[in-house]
Amino acid sequence: EVQLVESGGGSVQAGGSLRLSCVASGYTSSRNHRMGWFRQAPGKEREAVAALYTGSNNIFYADSVRGRFTISKENAENMVTLQMNSLKPEDTAMYYCVADAVATGKWSAPAVYPYWGQGIQVTVSS
């Protein structure tokens with residue numbers, strides 16, 4: 001059974017930084033699959049934040065976070081981090097780690113990711 005476990009998150013003032021981590025276990029995948037992050041704020045739809053291909057250097061960002069957030073993979077193939085700098089109150093949301101088994105479909109579409117973490121709260125105060 002695949003499990004995604006997030007860590008990090010918390011509360012910070014605007015302009016601050018936070019770092020999220022995600023470790024996948026029980027995961028048998030192709031060499032080129034995707035891991036990434038979505039977020040959902042109260043009353044809003046889920047939004048793709050960032051994703052990367054574990055077997056290449058392809059990285060994707062939402063326009064709203066490009067230049068402020070950095071997604072990266074750690075030495076272990078099934079661990080990704082999301083460094084969030086210059087945080088804004090509108091970044092406040094539940095953040096979810098996601099993963100797929102075979103990298104097909106649009107990176108920002110929730111439906112292409114069969115595996116989701118439980119979510120971790122990020123709160124940015126003004």
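These numbers were taken from a predicted model, which means no experiment stands behind them.
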**Q** Find the distance between CE (Met94) and CZ (Arg46) and round it off to the nearest 0.5 Å.
**A** 13.0 Å

**Q** Establish, from distance only, whether the side-chain atoms of Gln83 and Ser72 form a donor-acceptor pair under 3.5 Å.
**A** no

**Q** Is any side-chain heavy atom of Asp91 less than 4.5 Å from a side-chain heavy atom of Phe69?
**A** yes

**Q** For a side chain to side chain contact (heavy atoms under 4.5 Å, CB included) check, start with the C-alpha distance between Arg19 and Thr70, then their side-chain angles and the critical distance, and finish with the verdict.
**A** CA-CA 9 Å; Arg19 182 181 178 91; Thr70 303; over 6 Å; no

**Q** If we ignore hydrogens and angles and just use 3.5 Å, is the side chain of Arg39 paired with the main-chain N or O of Thr92 as donor and acceptor?
**A** no

**Q** Measuring from atom CD1 of Ile120 to atom CG of Leu18, what distance do you get when rounded to the nearest 0.5 angstrom?
**A** 9.5 Å

**Q** Out of curiosity, Gln13 CD to Ser126 OG, how far, rounded to the nearest 0.5 Å?
**A** 9.0 Å

**Q** Is Gln121 atom CD crowded by more than 12 heavy atoms from other residues, nucleotides or ligands, each under 6.0 Å away?
**A** yes

**Q** Classify the ring geometry of Tyr96 against Trp116: parallel below 30°, tilted from 30° to 60°, perpendicular beyond 60°.
**A** perpendicular

**Q** Looking only at heavy atoms, what is the nearest atom pair of Ala14 and Pro89, with distance?
**A** CB-CD, 4.1 Å

**Q** Output the distance between atom CD (Glu74) and atom OG1 (Thr81), rounded to the nearest 0.5 Å.
**A** 4.5 Å

**Q** Any non-hydrogen side-chain atom of Val122 less than 4.5 Å from a side-chain atom of Leu20?
**A** yes

**Q** Got a second to check how far Ser25's OG is from Met79's CE, nearest 0.5 Å?
**A** 12.5 Å

**Q** Are side-chain heavy atoms of Met84 and Val12 found at a separation under 4.5 Å?
**A** no

**Q** So, the side chain of Tyr61 versus the backbone of Ile71: is there a donor-acceptor pair under 3.5 Å, distance only?
**A** yes

**Q** Sort and list the pairs that fulfil disulfide (SG to SG under 2.5 Å) and have at least one residue in residues 94-126, not counting sequence neighbours.
**A** Cys22-Cys97

**Q** Does atom CD of Glu90 have more than 12 heavy-atom neighbours, drawn from other residues, nucleotides or ligands, at distances under 6.0 Å?
**A** yes

**Q** Once you measure the plane-to-plane angle for Tyr113 and Phe38, does it fall in the parallel (<30°), tilted (30-60°) or perpendicular (>60°) bin?
**A** perpendicular

**Q** Might you point out which heavy atoms bring Asn85 and Ser17 nearest each other, and give the distance in Å?
**A** OD1-OG, 2.9 Å

**Q** Indicate the atoms forming the closest heavy-atom contact of Val80 with Trp37, along with that distance.
**A** CG2-NE1, 4.0 Å

**Q** Write down the atom of Met35, the atom of Ala24, and the distance for their closest heavy-atom approach.
**A** CE-CB, 4.0 Å

**Q** Do Val112 and Arg34 have side chains that get closer than 4.5 Å, going by heavy atoms?
**A** yes

**Q** Side-chain contact test, heavy atoms from C-beta onward, threshold under 4.5 Å: evaluate it for Leu52 versus Lys73 and give yes or no.
**A** yes

**Q** I'd like to know if the side chain of Glu47 pairs up with that of Ser64 as donor and acceptor (distance under 3.5 Å, no hydrogens or angles considered).
**A** yes

